[in-house]
**Student:** 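I'd like to ask you about the structure that follows.
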Amino acid sequence: QVQLVESGGGSVQAGGSLRLSCAASGYMYSRCMAWFRQAPGNEREGVAFIDFSGVTRYAESVKGRFAISKDNAQNTLYLQMDSLTPEDTAMYYCAARHWSDCPSGAGAYGYWGQGTQVTVSS
């Protein structure tokens, strides 16, 4: 069983930065971990993914601005978000799945945090 707790959300102006953290209760070194986001009226979309070996993948909309990383010793996942725009405003969720590969769809992930709100003003 894995429990995920996000932190680090908040309100920033466009162009600003935030760093999200996700503390995992169970082991994570062999799992795929990811960050998803969901804005009101939109589907939950995958933002950044990191597999067991540390290979990362990003949504086109955040490439070059966001960076996902993990600290296996601390069981913590991070999302560094730079050059934020109002379009990045959403609830951000940490997610994990039992296997090491990283599909893009939210339905492939069995473990979710409660979410942390990110609001970017223009």
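Heavy-atom basis, side chains included; hydrogens, waters and symmetry copies ignored. FYI, the numbering just counts along the sequence from 1.
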**Student:** Using only atom types and a distance under 3.5 Å, with no angle test, would you say the side chain of Trp35 pairs donor to acceptor with the backbone of Tyr78?
**Tutor:**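 Pair found, side chain donor or acceptor close to backbone of Tyr78.
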**Student:** Show the nearest heavy-atom pair for residues Gly115 and Met91, with the distance to one decimal.
**Tutor:**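 Taking Gly115 first and Met91 second, the nearest heavy atoms are C-SD, 3.7 Å.
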**Student:** Counting C-beta onward and ignoring hydrogens, is there a side-chain heavy-atom pair between Asn75 and Lys70 closer than 4.5 Å?
**Tutor:**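 SC-SC contact between Asn75 and Lys70 ruled out.
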**Student:** So do Ser7 and Arg19 actually touch side chain to side chain, heavy atoms under 4.5 Å?
**Tutor:**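 They are not in contact (no side-chain heavy atoms under 4.5 Å apart), so the answer is no.
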**Student:** Considering all heavy atoms of both residues, which atom of Ala90 and which atom of Gln117 are nearest to each other, and what is their separation?
**Tutor:**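 Result for this residue pair: O-NE2, 3.4 Å.
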**Student:** What heavy-atom pair brings Tyr109 and Cys32 nearest, and what distance separates the two atoms?
**Tutor:**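 Heavy atoms of Tyr109 and Cys32 come nearest at OH-SG, 3.4 Å.
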**Student:** Carefully, step by step, assess Leu84 and Leu18 under the rule side chain to side chain contact (heavy atoms under 4.5 Å, CB included).
**Tutor:** CA-CA 8 Å; Leu84 286 162; Leu18 282 173; 4.2 Å; yes
**Student:** Do you know the tightest heavy-atom contact between Val120 and Thr89?
**Tutor:**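 Scanning both residues, the minimum pair turns out to be N-OG1, 2.9 Å.
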**Student:** For Phe36, run the ring-ring contact (aromatic ring centres under 6.0 Å, His included) check against Phe49, Tyr92, Tyr111 and tell me which one passes.
**Tutor:**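 For Phe36, the ring-ring contact (aromatic ring centres under 6.0 Å, His included) check succeeds only for Phe49.
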**Student:** Answer whether the closest heavy-atom distance between the side chains of Asp88 and Met81 falls below 4.5 Å.
**Tutor:**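 In short, these two side chains do not touch, never coming nearer than 4.5 Å.
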**Student:** Mind checking whether Phe66 and Gln80 have side chains closer than 4.5 Å, heavy atoms only?
**Tutor:**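 No; the side chains remain at least 4.5 Å from each other.
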**Student:** Honestly, is Arg44 close enough over Tyr93, meaning NZ or CZ under 6.0 Å from the six-membered ring centre and within 45° of the axis?
**Tutor:**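 The answer is yes, since Arg44 meets both limits relative to Tyr93.
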**Student:** Can you name the nearest heavy-atom pair linking Arg97 to Pro103, along with the distance?
**Tutor:**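 The pair with the smallest heavy-atom distance is NE-CD, 3.3 Å.
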**Student:** What are the two closest non-hydrogen atoms of Ser17 and Ser83, and how far apart are they?
**Tutor:**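 Between these two residues, the closest heavy atoms are OG-N, 4.3 Å.
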**Student:** Any sub-3.5 Å donor-acceptor pair from Tyr58's side-chain atoms to Arg65's backbone N or O?
**Tutor:**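 Not at all, since once roles are kept as given, no pair shorter than 3.5 Å links the two residues.
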**Student:** Cluster question for you: counting only ILVMFWY and a side-chain heavy-atom cut-off of under 4.5 Å, with indirect links fine, are Val12 and Leu79 together?
**Tutor:**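 Yes, Val12 and Leu79 fall within the same hydrophobic cluster.
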**Student:** So do Cys102 and Arg57 actually touch side chain to side chain, heavy atoms under 4.5 Å?
**Tutor:**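 When only atoms from C-beta onward are counted, Cys102 and Arg57 do touch, with a gap below 4.5 Å.
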**Student:** Tell me if the CD atom of Gln114 is crowded by more than 12 foreign heavy atoms within 6.0 Å.
**Tutor:**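 Counting other residues, nucleotides and ligands, CD of Gln114 exceeds 12 neighbours.
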**Student:** Side chain of Thr116, backbone of Gly9: donor and acceptor closer than 3.5 Å?
**Tutor:**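 Confirmed, Thr116 side chain pairs with Gly9 backbone.
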**Student:** Has Gln38 got a side-chain atom pairing as donor or acceptor with Glu45's backbone, closer than 3.5 angstrom?
**Tutor:**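 The answer is no, because no donor-acceptor pair under 3.5 Å joins these two groups.
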**Student:** Would you call Leu20 and Val118 a side-chain contact if the rule is heavy atoms closer than 4.5 Å?
**Tutor:**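 Yes, their side chains come closer than 4.5 Å.
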**Student:** Hey, what do you get for CD (Gln13) to OG (Ser121), rounding to the nearest 0.5 Å?
**Tutor:**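 Reported value, rounded in 0.5 Å steps: 5.0 Å.
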**Student:** Is there side-chain contact between Leu4 and Met33, with heavy atoms separated by less than 4.5 Å?
**Tutor:**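 Heavy-atom side-chain distance check passes, below 4.5 Å.
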**Student:** With the threshold set at 4.0 Å, does a side-chain nitrogen-carboxylate oxygen contact exist between Arg31 and Asp51?
**Tutor:**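 No, Arg31 and Asp51 are not salt-bridged.
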